[in-house]
Protein chains: 2
Amino acid sequence: MKGETQDKILQTAIRLIRTKSYNSFSYKDIADEVNIKKASVHYHFDAKSTLGIAAVQEYQSKVSYLMDKLKAEEKDPLKRFDQYIGFFRHGLSNGEICLVGVMSMEINTLTKEIQDELKNFFENYTKWLVDILEDGRDKGMFQYNGSSADKALYITSAIEGALILSRAYNKNNGPSNNNTYNMEYFERVADQIKNDLLNNPC
Amino acid sequence: MKGETQDKILQTAIRLIRTKSYNSFSYKDIADEVNIKKASVHYHFDAKSTLGIAAVQEYQSKVSYLMDKLKAEEKDPLKRFDQYIGFFRHGLSNGEICLVGVMSMEINTLTKEIQDELKNFFENYTKWLVDILEDGRDKGMFQYNGSSADKALYITSAIEGALILSRAYNKNNGPSNNNTYNMEYFERVADQIKNDLLNNPC
DNA sequence: TTATCATTACCTATCAGTAGGTAGACTTAA
DNA sequence: TTAAGTCTACCTACTGATAGGTAATGATAA
């Protein structure tokens, strides 16, 4: 199959970035997981920075697809918001946090090209959330003061932070018998974000 | 002077972790910045993990000192909260984000000893904030629903996330002529956290 | 006082291992 | 036959780490 190995490499890279960070995985790691040799990884992605760019683009297109589908199929703002949160929840339950968050942390060590790719992603990222928020406010379901852009930035910050802290500091973390993680911290923050949206200043 | 070089190494390590991340700096980086040889860094800290532990402990004791001083000297809860935020603001203005946040992101790549050290730090970290929040609520200045522990987790998440995003996505980031960073995103999130504390559900 | 010894804080040189990366031969399927 | 994909085998640069040596300092005992 054309592109099968290439796709495996890409998906593995994305998973490794989300579990260990960009500067903490190597071509050897990829090769071992895909069951090919290091040189073959280089055949598909000549340099690590190339793979990095591809990983961001692939992750973005996956998220774009989900967000567009969500916008088309789910008209209830609260359920749409829940599904938005659900996207992060699902990753975290497998020990994977947001790729944008991880690579943003390492921003000072990345090439200009990757930085630009991330910036582009981040802009879309917040647009989706602004869209959900404004839809909810228009329909009278969400209340918040100030601009939607500010609120989106606030929520995004809280989610990114919650993902990091949840994976690091939950009791019994590390994957359990069924290979999922304790979600306690994440859920506690997610609940508060939602309550703020629903109950905010009278 | 006894310990002068050792302290320079430690301070440099902390700065490099906060600007680049733990897995993105090397003993060579430290050696070059302190103007000694790599082997001399090993003389003071036999292994990188030893240096990592020492960095977390040193950072913790610095923060502890500031927090205790703050508690003793500043009795107005709002001003105390502002100073708490100011601690993160100051770091970010030099391109440095929270060491706990950075290393938590890399948690899966760290030794058990460093993980324990971080967990210990995180527990104190949230205790300080809970203390500020409850003091403010007791004095009738802060309003929030739910437990103080939940609120502290929420605020901590938002701050950690804001630090990451602010450094990565502000316009014109990178250090400017006066060697400081654009703080826009961080301030926008910080303002909302504060407003929530002051105006929340009636 | 001075010769002896230990300690501190560095050095040069080197280690084995791993990083990302390349050249060229081999395999396989269209 | 040709092109795609994978391999072996290698490279250079760098990783954390160690061995062994050297001044300088300080303590100690004859």
Side-chain angles (χ1 to χ4, degrees), chain A residues 1-17 19-56 58 102-103 105-115 117, chain B residues 1-17 19-58 102-103 106-115 117:
Chain A
M1 299 289 128
K2 169 99 165 64
E4 196 178 288
T5 301
Q6 185 157 5
D7 191 59
K8 270 190 206 165
I9 294 170
L10 207 45
Q11 300 307 329
T12 303
I14 291 173
R15 198 180 68 251
L16 288 175
I17 292 170
T19 51
K20 298 176 61 178
S21 96
Y22 179 80
N23 285 323
S24 305
F25 85 88
S26 71
Y27 265 40
K28 175 87 168 30
D29 296 331
I30 299 268
D32 290 347
E33 295 215 30
V34 180
N35 267 310
I36 52 175
K37 299 294 166 183
K38 228 177 36 160
S40 305
V41 182
H42 277 285
Y43 172 78
H44 293 285
F45 300 94
D46 64 333
K48 194 183 179 184
S49 59
T50 310
L51 178 55
I53 293 173
V56 178
E58 166 70 13
V102 174
M103 295 183 79
M105 184 82 88
E106 297 170 297
I107 197 84
N108 290 336
T109 70
L110 304 174
T111 64
K112 179 73 169 47
E113 287 74 29
I114 299 186
Q115 288 181 14
E117 208 62 55
Chain B
M1 295 294 129
K2 172 102 166 61
E4 196 178 288
T5 300
Q6 185 157 4
D7 191 60
K8 271 190 205 165
I9 293 170
L10 205 46
Q11 301 307 329
T12 303
I14 291 173
R15 198 180 68 251
L16 288 174
I17 293 171
T19 52
K20 300 177 61 179
S21 94
Y22 179 79
N23 286 323
S24 305
F25 84 87
S26 72
Y27 265 40
K28 177 83 167 34
D29 295 333
I30 300 268
D32 289 347
E33 294 215 32
V34 180
N35 266 309
I36 52 175
K37 299 295 166 180
K38 227 177 36 161
S40 305
V41 181
H42 276 285
Y43 170 77
H44 292 285
F45 299 94
D46 63 333
K48 195 182 178 184
S49 60
T50 310
L51 178 55
I53 293 173
V56 178
Q57 287 173 340
E58 165 71 13
V102 173
M103 295 184 80
E106 298 171 297
I107 197 86
N108 290 336
T109 71
L110 305 174
T111 64
K112 178 74 168 49
E113 286 74 29
I114 299 186
Q115 288 181 14
E117 208 62 55

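Here the structure is a predicted model, which is why all the values come from computation and not from measurement.
- Computed from coordinates, the Lys37(A) NZ to dC26(C) C1' distance equals 15 Å when rounded to whole Å.
- With rounding to whole Å, Gln6(A) atom CD is found 8 Å from dG5(D) atom P.
- For Tyr43(A), the side-chain atoms get nearest to dG5(D) when compared with the rest of dA23(C), dG20(C), dG5(D).
- For Asn23(A) and dC14(D), the CG to C1' distance is 14 Å, given to the nearest whole Å.
- No donor-acceptor distance shorter than 3.5 angstrom exists from the side chain of Asp7(A) to the backbone of Glu4(A), with no hydrogens or angles considered.
- When the side-chain nitrogen and oxygen atoms of Ser40(B) are compared with OP1 and OP2 of dC11(C), one or more of them lie within a distance under 4.0 Å.
- Under a 3.5 Å cut-off, the side chain of Glu58(B) and the backbone N or O of Gln11(B) do not form any donor-acceptor pair.
- Atoms CD1 (Ile30(A)) and P (dT6(D)) sit 14 Å apart, rounded to a whole Å.
- As rounded to whole Å, 14 Å separates atom P of dT15(D) from atom OH of Tyr22(B).
- Closest approach to the His42(B) side chain among dG16(D), dG21(C), dT6(D) is made by dG16(D) (side chain taken as heavy atoms from C-beta onward).
- For the OP1/OP2 pair of dT6(D) and a distance below 4.0 Å, the side-chain nitrogens and oxygens of His44(A) include at least one atom meeting the criterion.
- Taking only side-chain nitrogens and oxygens, Thr5(A) never comes nearer than 4.0 Å to OP1 or OP2 of dG5(D).
- Considering only side-chain atoms of Ala39(B), the nucleotide from dA17(D), dT22(C), dC11(C) that sits closest is dC11(C).
- Nucleotide dG20(C) holds its P atom 14 Å from the CG atom of Leu110(A), rounded to whole Å.
- Proximity of a side-chain donor or acceptor of Glu106(A) to a complementary backbone N or O of Ser21(A) within less than 3.5 Å is not detected.
- With rounding to whole Å, Glu4(B) atom CD is found 15 Å from dT25(D) atom P.
- Side-chain N or O atoms of Ser24(A) include one that pairs as donor or acceptor with a backbone N or O of Lys20(A) at under 3.5 Å.
- In this structure, Tyr27(B) atom OH and dA13(C) atom C1' are separated by 19 Å, rounded to whole Å.
- Judged by distance alone with a 3.5 Å cut-off, a donor-acceptor contact links the side chain of Lys38(A) to the base of dG20(C).
- Of all nucleotides listed (dG16(D), dG20(C), dG21(C)), dG20(C) comes nearest to the side chain of Ser26(A).
- Using a 4.0 Å heavy-atom distance criterion, Phe25(B) is classed as a sugar-phosphate-only contact.
- With a 6.0 Å cutoff to the six-membered ring centre and a 45° limit on the axis angle, Lys37(B) does not count as a cation-pi contact of Tyr43(B).
- Contacts of Lys48(B) with the nucleic acid, taken as non-hydrogen atoms under 4.0 Å apart, involve only primed sugar atoms and P, OP1 or OP2.
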